[in-house]
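In what follows, chains are A, B, ... by sequence order, proteins preceding strands, each numbered from 1. FYI, side chains are in, hydrogens and waters are out, and symmetry mates aren't considered; it's all heavy atoms of this structure.
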Amino acid sequence: MFELFLKSQKLLGMNARNLDYVRPLNRKKAMRIADDKLLCKRILRKQNLSVPKLLGKIKNYEELDAFDWSTLPGGFALKPNRGFGGGGILVVYARKRGRDDAWVKADGSLITIEDLKIHIKNILDGSFSLSNLPDTAFFEERLTLLKLFKPYSYKGIPDIRVIVFNSVPVMAMLRLPTRASDGKANLQQGAIGVGIDLATGTTTSAIMGKGNIIEYVPDTNLVLSGIKLPYWKETLRIAVEAQKISGLGFLGADIALDRERGPVIIELNARPGLSIQLANLSGLRERLDRVKGIKIKTTDRGIRVGMNLFGGEIEDEIEEISGKKMIGVIEKVTFFGKDNKEITLEAKIDTGADSSSIDFEVAEALGFGETVRAYRALQADWEKLKNLTKEERWELFENIPDAVSTVPIHSSHGTTYRVKIQLEMLLDGTRTPIRPTLIDRSRLDYKSIIGRKNLLKFLVDVSK
Amino acid sequence: MNYHPLVMYIVEQGVPLQTLALLLMIPVVATLVAFFRQVVGIKAFGIYTPSIITFALLAFDPNGLKYGIAIFISIILVGMASRYMLRRFRLLYLPRVAITISIVALAILLILVIGAHFKRTGLASVSIFPLLIMITLAEKFVATQIEKGSRAATFLAGETLLISLIGYSLIRWDGFMILILNHPWLILLTFIINFTLGKWSGLRITEYIRFRKVIAHL
């Protein structure tokens, strides 16, 4: 019972969302931006964030009568300005061939100007707005579906909900429209919500509608986990930027990925729903608590904090299955040399190199100054070495203090013989012996390369 | 009967005891609705509708509870049916609600006539005010239908009926009523309860159920 209570503390409930987050953090003025789509669009566009293009708006019956229908393109979305929960949105895909007063909807049915007029009148009368206040209707460009999403999505366009708090993206979910949701990316109406690993933008677990955990897209054999979302960092970036611009302290940004334009902000939400916790099988309150009070100065830093804190679960899984650790292309490495000397630096993980190497200076710092000097002296006339046999060479190198072996290195500059020393290295928490060669890397960005011989226990993720 | 002196004083001034008792019950019922929302997680149609339905059910008495429930359910059924019928005409919002309310009113009239025909005098003699109150439910129902769909609206109507029935039983419970009339200052406790509820940030009981899979996973 007590354990249940402790676990429940990690979850964000409706009471805590309203009392601790929405009320104190989302001021009235900022809420206006979230509730007024046209205002939101204008403000975000002014700050160079991409939003769907506005094609026209109708504020009242007179404007409706005067509206020039020929200005509309083949595909567009008609929306109520203060709509909520995806209500009242109408999307058409193309003009009906041979008619200039009718369009085709996603399900192939026809919609005429008369139909549009009735729909717009309903919008103007406030049928879709909060508390039925009179509303404005507007047309915006129809976003195009990313090829990647085609098999997963029924009719409509999927979107990505990102919860942003204190300039840090804390949780995200991909929402896929289904037959049940009638092409709307709204969970309440039966869409699919897929949790996203923030570090990699890869999908994890999924729910459908109010909370049934699913693994496949219904009626198909398409697995919902492991989808790698494109433009991931950019998606997080515009979500964080949108928070800064809107002034909403606790924000749910809805972002669609357009085939041509990439991430586009569809709308901002000042009272984001809580189902995102089900899709991610993770508690939002715990995440918000971890981010609270951190000083975030730049968008980049906010994204990095979010990625580091709330990602990596997939990695853990892979590590568990393969028994190997996942590392990136650049990793922090600590070398342990003589007399307890140690040095920590960023090394390049190079699966193209057979063995590892370190810079002369690093070797000196690790207590191998003598070795470096003796080796450099020999290396000066290495043209001579070329013609010697292996044994003869070793005889020469043998006198270098602390040299453990030599190795011929073939590169585009020709062949060289390098000397190896014995060290220990700490990489991603694992301490292993290593025999790097010594080389002059003083003009290179990374003072050490870790090659294949020392990477047997690791998997390299190039996106990291 | 000897109630609290304050109660006795007010009654002596000419305020009917029933009016006084019901007014004292309003904070109790409102607090009950707030409690169900914040702690249990039962939403219903806001706070006004379940409170007023509670008193409407009370007004069907004596022995009128079954008629109250019957009329409540009839209104919901008629509301659903009229939405279904009116859907294809694509009417504007207010005229559509007006038609729905009219249909509901006529349906209730029909029920009364049928009741009278079968000598159900209890039904026919129901006072008009609880009926009027019940009819306002129709607007709430239709509005919710449009916003959240028929299923959600029906669900919320069920929750409203549930809370109203609990409120009804509480008020009808003589022991409780006598307690309040003997110690009217107990009503002040509802302020303390509501302040606590207003600062309550824990999970609602329904949320424990909703998030059970997440909790199992944490």
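Atoms CD1 and CG, on Ile118(A) and Leu91(B) in that order, are 9.0 Å from each other to the nearest 0.5 Å. To the nearest 0.5 Å, atoms CD (Gln9(A)) and CD1 (Ile215(B)) are separated by 10.5 Å.
In Trp173(B), the CH2 atom is not crowded: 12 or fewer heavy atoms of neighbouring residues, nucleotides or ligands sit closer than 6.0 Å. The neighbour count for Lys7(A) NZ, taken as heavy atoms of other residues, nucleotides or ligands under 6.0 Å away, is above 12. For Lys292(A), the NZ atom counts as densely surrounded, since its 6.0 Å shell holds more than 12 non-hydrogen atoms of other residues, nucleotides or ligands. Within a 6.0 Å sphere centred on CZ of Phe35(B), other residues, nucleotides and ligands contribute 12 heavy atoms or fewer. No more than 12 heavy atoms of other residues, nucleotides or ligands sit less than 6.0 Å from atom OH of Tyr216(A). Heavy atoms from other residues, nucleotides or ligands lying under 6.0 Å from NE2 of His217(B) number 12 at most.
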List the steps and the verdict of side chain to side chain contact (heavy atoms under 4.5 Å, CB included) for Arg210(B) and Leu274(A).
CA-CA 10 Å; Arg210(B) 179 183 175 197; Leu274(A) 303 172; 4.1 Å; yes
Intermediate values then yes/no, side chain to side chain contact (heavy atoms under 4.5 Å, CB included), Leu11(A) and Tyr208(B)
CA-CA 10 Å; Leu11(A) 286 167; Tyr208(B) 278 100; over 6 Å; no
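Note on Asn18(A), Asn122(A), Leu12(A): by heavy-atom pairs under 4.5 Å with chain B, the leading option is Asn122(A). Of the listed residues Gln38(B), Arg37(B), Arg151(B), Arg212(B), the one with more heavy-atom pairs under 4.5 angstrom with chain A than any other is Gln38(B).
At a cut-off of 3.5 Å, with distance as the only test, no side-chain donor of Arg96(B) or Ser127(A) sits close to an acceptor on the other residue.
Closest approach of Ser8(A) to Leu203(B), counting heavy atoms only: CB-CD1, 3.7 Å. Annotation for Ser201(B) and Leu19(A): closest pair CB-CD2, 4.1 Å, computed over non-hydrogen atoms.
For Ser205(A), no part lies under 4.5 angstrom from a heavy atom of chain B. At a 4.5 Å heavy-atom cutoff, Leu197(B) makes no contact with chain A through either its backbone or its side chain. For Arg17(A), no part lies near chain B; criterion is any non-hydrogen pair under 4.5 Å.
Using modelled atom types, one side-chain atom of Glu207(B) and one backbone atom of Met14(A) make a donor-acceptor pair closer than 3.5 Å.
Each of Ile207(A), Leu281(A), Asn280(A) was scored for a side-chain contact (heavy atoms from CB on, under 4.5 Å) with Val214(B), with one residue passing: Leu281(A).
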